[in-house]
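Here the structure is laid out as structure tokens; the discussion comes afterwards.
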Number of protein chains: 2
Amino acid sequence: MTENLTLQMDDYLPLRDVVFNTLREAILKGELKPGERLMEMHLATKLGVSRTPIREAIRMLEQEGLAVTIPRKGAQVAKMTEKDLQDVLEVRDALDALAVVCACERMTDAQFVELKEAMKAFENATHTDDVRKIVETDEAFHDVIYAAAANPKLENIISSAREQMYRYRYEYVKNPSVYAQLIAEHRAIIEGFNRRDVEYLKSIMHTHLSNQINAVRVVIREQV
Amino acid sequence: MTENLTLQMDDYLPLRDVVFNTLREAILKGELKPGERLMEMHLATKLGVSRTPIREAIRMLEQEGLAVTIPRKGAQVAKMTEKDLQDVLEVRDALDALAVVCACERMTDAQFVELKEAMKAFENATHTDDVRKIVETDEAFHDVIYAAAANPKLENIISSAREQMYRYRYEYVKNPSVYAQLIAEHRAIIEGFNRRDVEYLKSIMHTHLSNQINAVRVVIREQV
DNA sequence: TGCGTGTATTTTGTATTCAATCTTACTAAA
DNA sequence: TTTAGTAAGATTGAATACAAAATACACGCA
């Protein structure tokens, strides 16, 4: 009885959050492209709500760095310049390093098992041509690491930094020739955690991230 | 003529941003205390606007980590637990390290002059008993370093991480016995930039940050 | 054709309204 | 005295309404 009640409470989501999640997903999946205008009335009718929750969701997207608003002109999906990419990567590099240091200290056995399973799931996904699944399992793999770092603040900041560039990454992941390398790097990461070798892990993570730069850079250059 | 026009354009700020800045300041200065409720109607009448811009500002504060909203109950100023503090410090430690590495590479001569001036301003401020001024000049000193890192994304993330704990820091800074140490550390930082000694800078920054932990921790413990 | 100009339309900014939920205070019963 | 229940008021959630600004477009003119 009471369980039902709390369940309902958890179930309730303000429309602003529903809208926020919807738009966020759409941006990350590339359905809303960088530079595309986010017109309130248009989105409102499309999602069947009024402008109020749309506007609140846009404020949230803005703070996440996924949208940019120009007063009296409206919001649009944030574009990244190459400089932005460079800047974000610099930050992610530092945060990923911190994450592996923390995770190395704090990872439980259960989480290590989870990591190996996430690895397998990713490997399996690369054998399909379901790009979405590949991206998702890749993210899931890294999520295990971030969770193992046991630092929710870090997790938040990394995920917001990831979001900003991940939406440019689909093109990169579409190219099957990179799968072998990604798998090898993931394996190396697992090996690193197995040995609890922090320095090794940091360098692998750095490589893993660097490999994405050029690919994403190309996608960014293509953007008008 | 045209200058006047562009000036007006720059001058225009949507009310949501005015409200956001106002509330943000109030939270950071401690006028709105952790746990205090942010009631829309109350704030609206107090600031002489309607609820709409208040709500949008609250969404922004929320995303900045300065407010927490419980659906159908409203927003309140975010509280930090000791764990939160620990987590944020871990992140800031990593980001500050990154910032000094970047700044060490990229700092211009003009910025170095600026840093030394900011140092002097801080030192002068400590000779007064204007806590606000001391806090501001301290922040300004660090802002010069962050600006010198020439990475706006990093700057954003650091400033949001700083905000989350700075509002607990007033009590710490109120205690004049710490000024000498702060000044010494700032001097060491300048010396580090002078020598372009990255490792030294990293360790100083780490110390500088660590010294705040216990002080802030005490303030957090006091919070009901 | 190219360039302003003025108007109509669209879009955002803000306020107001209505509905749903939560709080609080009071009453009544154990 | 305490506790359950209930009703009134307060507060948030969402939609609508209105005002101001930006945009688009047609028109006239050189």
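Labels below follow one simple rule: chain letters A, B, ... track the order of the sequence lines, proteins then strands, and each chain is numbered from 1.
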When the side chains of residues 31-38 of chain B are checked against the rest of the protein, which donor-acceptor pairs come out under 3.5 Å, sequence neighbours left out?
| from | atom 1 | to | atom 2 | distance (Å) |
| --- | --- | --- | --- | --- |
| K33(B) | NZ | G30(B) | O | 2.9 |
| E36(B) | OE1 | K33(B) | N | 2.9 |
| R37(B) | NH2 | K73(B) | O | 3.3 |

### Query
Which residue pairs pass the salt bridge (charged side-chain N to carboxylate O under 4.0 Å, His left out) test when at least one of the two sits in residues 145-165 of chain A, sequence neighbours left out?
R24(A)-E163(A), D143(A)-R162(A)
Would you list the atom pairs, donor with acceptor, under 3.5 Å between side chains in residues 116-124 of chain B and any protein atom, with sequence neighbours excluded?
| from | atom 1 | to | atom 2 | distance (Å) |
| --- | --- | --- | --- | --- |
| E123(B) | OE2 | R187(B) | NH2 | 2.7 |
| N124(B) | ND2 | K120(B) | O | 3.4 |

N/O donor-acceptor pairs under 3.5 Å from side chains in residues 101-113 of chain B, not counting sequence neighbours:
| from | atom 1 | to | atom 2 | distance (Å) |
| --- | --- | --- | --- | --- |
| R106(B) | NH1 | E90(A) | OE1 | 3.3 |
| R106(B) | NH1 | A149(B) | O | 2.8 |
| R106(B) | NH2 | E90(A) | OE2 | 2.6 |
| T108(B) | OG1 | Q111(B) | N | 3.1 |
| T108(B) | OG1 | Q111(B) | OE1 | 3.3 |
| Q111(B) | OE1 | T108(B) | N | 3.0 |

### Task
Answer yes or no: is there an ion pair linking R59(A) with E62(A), defined by an N-O contact shorter than 4.0 Å?
yes
### Message
What's L38(B) touching, base or sugar-phosphate or nothing? Going by heavy atoms closer than 4.0 Å.
### Response
sugar-phosphate
#### Entry: Separation of atom CD in Q76(A) from atom P in dT12(C), rounded to whole Å
12 Å
### Task
Using atom CE of M39(B) as one end and atom P of dG9(D) as the other, report the distance to the nearest whole Å.
18 Å
Name the atoms and distances for all side-chain donor-acceptor pairs under 3.5 Å in residues 44-54 of chain B, with sequence neighbours left out.
| from | atom 1 | to | atom 2 | distance (Å) |
| --- | --- | --- | --- | --- |
| T45(B) | OG1 | M41(B) | O | 3.2 |
| T45(B) | OG1 | H42(B) | O | 3.0 |
| S50(B) | OG | T52(B) | N | 3.3 |
| R51(B) | NE | E40(B) | OE1 | 3.0 |
| R51(B) | NH2 | E40(B) | OE1 | 2.8 |

### Message
Expressed as a whole number of angstroms, how long is the span from I58(A):CD1 to dT12(C):P?
### Response
7 Å
### Rounded distance (Å) that lies between atom P of dA10(D) and atom CZ of R37(B)
13 Å
#### Entry: Value in whole Å for how far the C1' atom of dG13(D) lies from CE of M60(A)
14 Å
### Task
Assign a letter to each nucleotide of nucleotides 13-21 of chain C from its 5' end: B, base within under 4.0 Å of a protein heavy atom; S, sugar-phosphate only; -, no contact.
BBBBB---S
